[in-house]
Enquirer: 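This is the structure, below, for whatever I ask next.
Heavy atoms only: backbone and side chains are in, while hydrogens, waters and symmetry mates are out.
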Amino acid sequence: MSVTPLQALPQDLLRQRSSTKWRSYGDDVIPMFVAETDFPLAPAITAALQRAVEIGDTGYTPPRPGIDLDFTAYAHRRWGWTIDPARVRWTGDVMMGVVEVLRAVTSPGDRVVVTPPVYPPFYDTVEEAGAVVERVPLVDDGERWSLDLGGIEDALASGARAVLLCNPHNPTGTVHTRDSLAALARLAQRYGASVVSDEIHAPLTHAPAVFTPFLDAGSEAAAVGYAVTSASKTYNLAGLKCAVIVTGAEETAQVVRALPWEVEWRAGLFGVIANRAAFAAESDPWLDSLLAALDENRRLLADLLAEHLPLARYRAPEAGFLAWVDVSAYGWGDNPAPFLRREAKVALHHGPLFGTEGIGHVRINVGCAPEVLREAIERVGALVPRP
């Protein structure tokens with residue numbers, strides 16, 4: 001059965017928003033950098049938040065807010081992943097959760113593997129936890145990106161204590177295969193290391209790709225892994241602080257239970273309310289419509305680049321609404337984003353912030369109306385001299 005794509009809100013309404021996307025630059029700039037989307041909230045989320053405001057439900061998050069049960073049901077419904085609710089905890093956001101878990105499984109000065117090009121806060125998060133970044137870049141075989149399992153093994157064999165995994169991967173949109181995740185888990189177990197998996201983009205996996213939760217990739221993964229995720233990226237809830245930390249074995253669950261009690265208190269009540277509504281079955285039709293819209297846009301971007309920037313290199317992401325595009329052929333410098341913002345009035349994310357592999361790249365947010373995406377690429381394409 002076909003699904004009607006979700007329609008983005010009109011620009012005049014969006015520019016009334018006060019979030020980072022709409023307050024960083026002037027009204028003459030099309031903002032396509034930060035990971036906020038332009039769609040209306042899922043109706044269940046709007047209703048839940050409106051009800052909370054109506055009754056003044058603005059106090060502290062309760063000791064058992066119920067998100068453990070909601071996320072458990074969501075994971076089983078969407079991915080066939082069975083989770084023990086007793087192994088679901090909560091905190092303010094995914095990066096908070098990652099920092100706290102890394103602090104618990106590493107000692108100051110330990111090395112943590114990251115797989116660039118990767119979400120820029122990964123580097124800061126490792127350092128905030130008191131550890132040291134060890135870069136093991138993704139392998140690009142010309143068709144897709146994948147984990148460099150040989151490079152990761154070398155790092156673990158030489159003493160790295162953890163791997164910070166992005167699953168699905170930001171910015172490439174790669175959905176790591178079950179086999180590669182299982183192999184990573186076996187390596188971590190062999191060398192006594194932990195894997196912390198950021199799975200915030202998981203609900204946005206596009207068919208035919210299939211998302212595999214790291215903890216569900218095998219018994220070794222359940223033994224060594226920690227998953228941290230939230231509804232915030234998919235449902236545009238970044239301003240409402242809530243994330244969950246999930247474990248798959250008693251030993252790792254004990255590590256999370258031993259975290260300072262303040263870790264859970266950092267989850268905001270509105271964040272919990274919104275995340276619970278997002279994870280409810282009544283929000284599934286909204287998500288399916290969103291996926292249909294994003295699928296159209298990731299394909300539209302390929303057509304627009306072919307027409308206006310034919311030298312750009314792009315692979316449609318397997319998950320998410322973030323497109324990783326190599327525009328180095330146009331000579332706009334190592335970091336093209338500032339030039340494009342100044343000359344084309346289009347704000348894109350800075351490629352080199354994702355690692356040296358991002359030199360000459362930009363990340364484009366396609367979570368917008370098709371006509372906005374079209375105008376943005378036309379503006380950039382107008383900078384290219386025509387024969």
Enquirer: To the nearest 0.5 angstrom, please state how far the NE2 atom of His176 sits from the CG atom of Leu147.
Expert: 4.5 Å
Enquirer: Could you work out the complete set of other residues in the hydrophobic cluster of Leu13, with links drawn between I, L, V, M, F, W and Y side chains under 4.5 Å apart?
Expert: Leu9, Leu14, Trp22
Enquirer: Asn275 versus Tyr235: any side-chain heavy-atom pair under 4.5 Å?
Expert: no
Enquirer: Does any N or O in the side chain of Tyr330 come within less than 3.5 Å of the main-chain N or O of Leu311, such that one atom is a donor and the other an acceptor?
Expert: yes
Enquirer: Begin with the C-alpha distance, continue with both residues' side-chain angles, and end with the deciding distance and a verdict on salt bridge (Lys or Arg N to Asp or Glu O under 4.0 Å) for Arg299 and Asp303.
Expert: CA-CA 7 Å; Arg299 298 171 188 276; Asp303 294 339; over 6 Å; no
Enquirer: With a sphere of 6.0 Å drawn around CZ of Arg313, does it hold more than 12 non-hydrogen atoms of other residues, nucleotides or ligands?
Expert: no
Enquirer: Does a side-chain N-to-carboxylate-O contact under 4.0 Å join Asp288 and Arg78?
Expert: yes
Enquirer: Within this structure, what is the CD1-SG distance for the pair Ile67 and Cys242, rounded to the nearest 0.5 Å?
Expert: 3.5 Å
Enquirer: Using a 3.5 Å cut-off and no angle test, enumerate the donor-acceptor pairs between side-chain atoms of residues 372-382 and protein atoms at least two apart in sequence or in another chain.
Expert:
| residue | atom | partner | partner atom | Å |
| --- | --- | --- | --- | --- |
| Glu375 | OE2 | Arg379 | NE | 3.2 |
| Glu375 | OE2 | Arg379 | NH2 | 2.8 |
| Arg379 | NH1 | Asp28 | O | 3.1 |
| Arg379 | NH1 | Lys345 | O | 2.9 |

Enquirer: What about the rings of Phe39 and Trp286, do their centers lie closer together than 6.0 Å?
Expert: no
Enquirer: Would you check if Phe339 and Arg342 make a side-chain contact, meaning some heavy-atom pair closer than 4.5 Å?
Expert: yes
Enquirer: So Leu301 and Asn297, do their side chains get closer than 4.5 Å, heavy atoms only?
Expert: no
Enquirer: Counting only pairs under 3.5 Å, give me each side-chain donor-acceptor contact of residues 178-190, with atom names and distances, residues two or more places apart or in other chains.
Expert:
| residue | atom | partner | partner atom | Å |
| --- | --- | --- | --- | --- |
| Arg178 | NH1 | Asp216 | O | 2.7 |
| Ser180 | OG | Thr177 | N | 3.3 |
| Ser180 | OG | Thr177 | O | 2.9 |
| Ser180 | OG | Thr177 | OG1 | 3.1 |
| Arg190 | NH1 | Glu153 | OE2 | 3.0 |

Enquirer: Would a 4.5 Å heavy-atom cut-off, applied to side chains only, mark Val255 and Thr247 as touching?
Expert: no
Enquirer: When rounded to the nearest 0.5 angstrom, what distance separates CD in Glu318 from NE2 in His169?
Expert: 12.0 Å
Enquirer: Name the atoms and distances for all side-chain donor-acceptor pairs under 3.5 Å in residues 120-132, with sequence neighbours left out.
Expert:
| residue | atom | partner | partner atom | Å |
| --- | --- | --- | --- | --- |
| Tyr123 | OH | Phe354 | O | 2.7 |
| Thr125 | OG1 | Pro121 | O | 2.7 |

Enquirer: Grouping I, L, V, M, F, W and Y whenever their side-chain heavy atoms are under 4.5 Å apart, do Leu164 and Tyr226 come out in a common cluster?
Expert: yes
Enquirer: So, taking the atom named CE in Met32 and the one named CG in Asp38, what distance separates them when rounded to the nearest 0.5 Å?
Expert: 8.0 Å
Enquirer: How long is the straight-line distance from OG1 of Thr72 back to CG of Asp68, given to the nearest 0.5 Å?
Expert: 6.0 Å
Enquirer: How about Val366 and Leu300: do any of their side-chain heavy atoms sit closer than 4.5 Å?
Expert: no
Enquirer: Just jot down the salt bridge (Lys or Arg N to Asp or Glu O under 4.0 Å) partners of Glu307, sequence neighbours excluded, or say none.
Expert: none
Enquirer: Using the test salt bridge (Lys or Arg N to Asp or Glu O under 4.0 Å), find all partners of Arg51 that sit at least two apart in sequence or belong to another chain.
Expert: Glu54
Enquirer: Checking one residue: Tyr25. Which other hydrophobic residues are in its cluster under the side-chain 4.5 Å linking rule?
Expert: Val29, Phe33, Val34
Enquirer: Check residues 258-273 and write down every donor-acceptor pair under 3.5 Å in which the side-chain atom is one partner and the other belongs to a residue at least two apart or another chain.
Expert:
| residue | atom | partner | partner atom | Å |
| --- | --- | --- | --- | --- |
| Glu264 | OE2 | Arg89 | NE | 2.7 |
| Glu264 | OE2 | Arg89 | NH2 | 2.8 |
| Arg266 | NH1 | Glu100 | OE2 | 2.9 |

Enquirer: Do Thr174 and Arg144 make a side-chain contact, defined as non-hydrogen atoms from C-beta onward lying under 4.5 Å apart?
Expert: yes
Enquirer: Filter on ring pair (Phe, Tyr, Trp, His ring centres under 6.0 Å), then keep only pairs touching residues 80-107, sequence neighbours left out; what's left?
Expert: none
Enquirer: If hydrophobic residues (ILVMFWY) are linked whenever their side-chain heavy atoms come closer than 4.5 Å, directly or via other members, who joins Ile359 in its cluster?
Expert: none
Enquirer: Check the pair Asp295, His206 against side-chain hydrogen bond (donor to acceptor under 3.5 Å, both in side chains), reporting the backbone distance first and the verdict last.
Expert: CA-CA 7 Å; Asp295 182 44; His206 302 291; 4.9 Å; no
Enquirer: Report the residue from Val325, Leu309, Ile364, Leu304 that forms a side chain to side chain contact (heavy atoms under 4.5 Å, CB included) with Tyr314.
Expert: Val325
Enquirer: Between Val114 and Val136, is there a shared hydrophobic cluster once you connect ILVMFWY residues whose side-chain heavy atoms come closer than 4.5 Å?
Expert: no
Enquirer: Taking C-beta and beyond as the side chain, do Thr356 and Pro116 meet within less than 4.5 Å on heavy atoms?
Expert: no
Enquirer: Can Glu134 and Arg111 be counted as an ion pair, charged N to O under 4.0 angstrom?
Expert: yes
Enquirer: By the salt bridge (charged side-chain N to carboxylate O under 4.0 Å, His left out) test, which pairs, at least two apart or in different chains, include something from residues 4-18?
Expert: Arg15-Asp27
Enquirer: I want to check something: taking the side chain as every heavy atom from C-beta on, are Val246 and Phe71 in contact at a cut-off of under 4.5 Å?
Expert: yes
Enquirer: Tabulate below the donor-acceptor pairs under 3.5 Å that side-chain atoms of residues 195-205 make, not counting sequence neighbours, or state none.
Expert:
| residue | atom | partner | partner atom | Å |
| --- | --- | --- | --- | --- |
| Ser197 | OG | Glu199 | OE2 | 2.8 |
| Asp198 | OD1 | Ile200 | N | 3.1 |
| Glu199 | OE2 | Asn167 | ND2 | 3.2 |
| Glu199 | OE2 | Phe214 | N | 2.9 |
| Thr205 | OG1 | Ala202 | O | 2.9 |

Enquirer: Measure the spacing between CG of Leu287 and CG of Leu6 and express it to the nearest 0.5 Å.
Expert: 10.0 Å
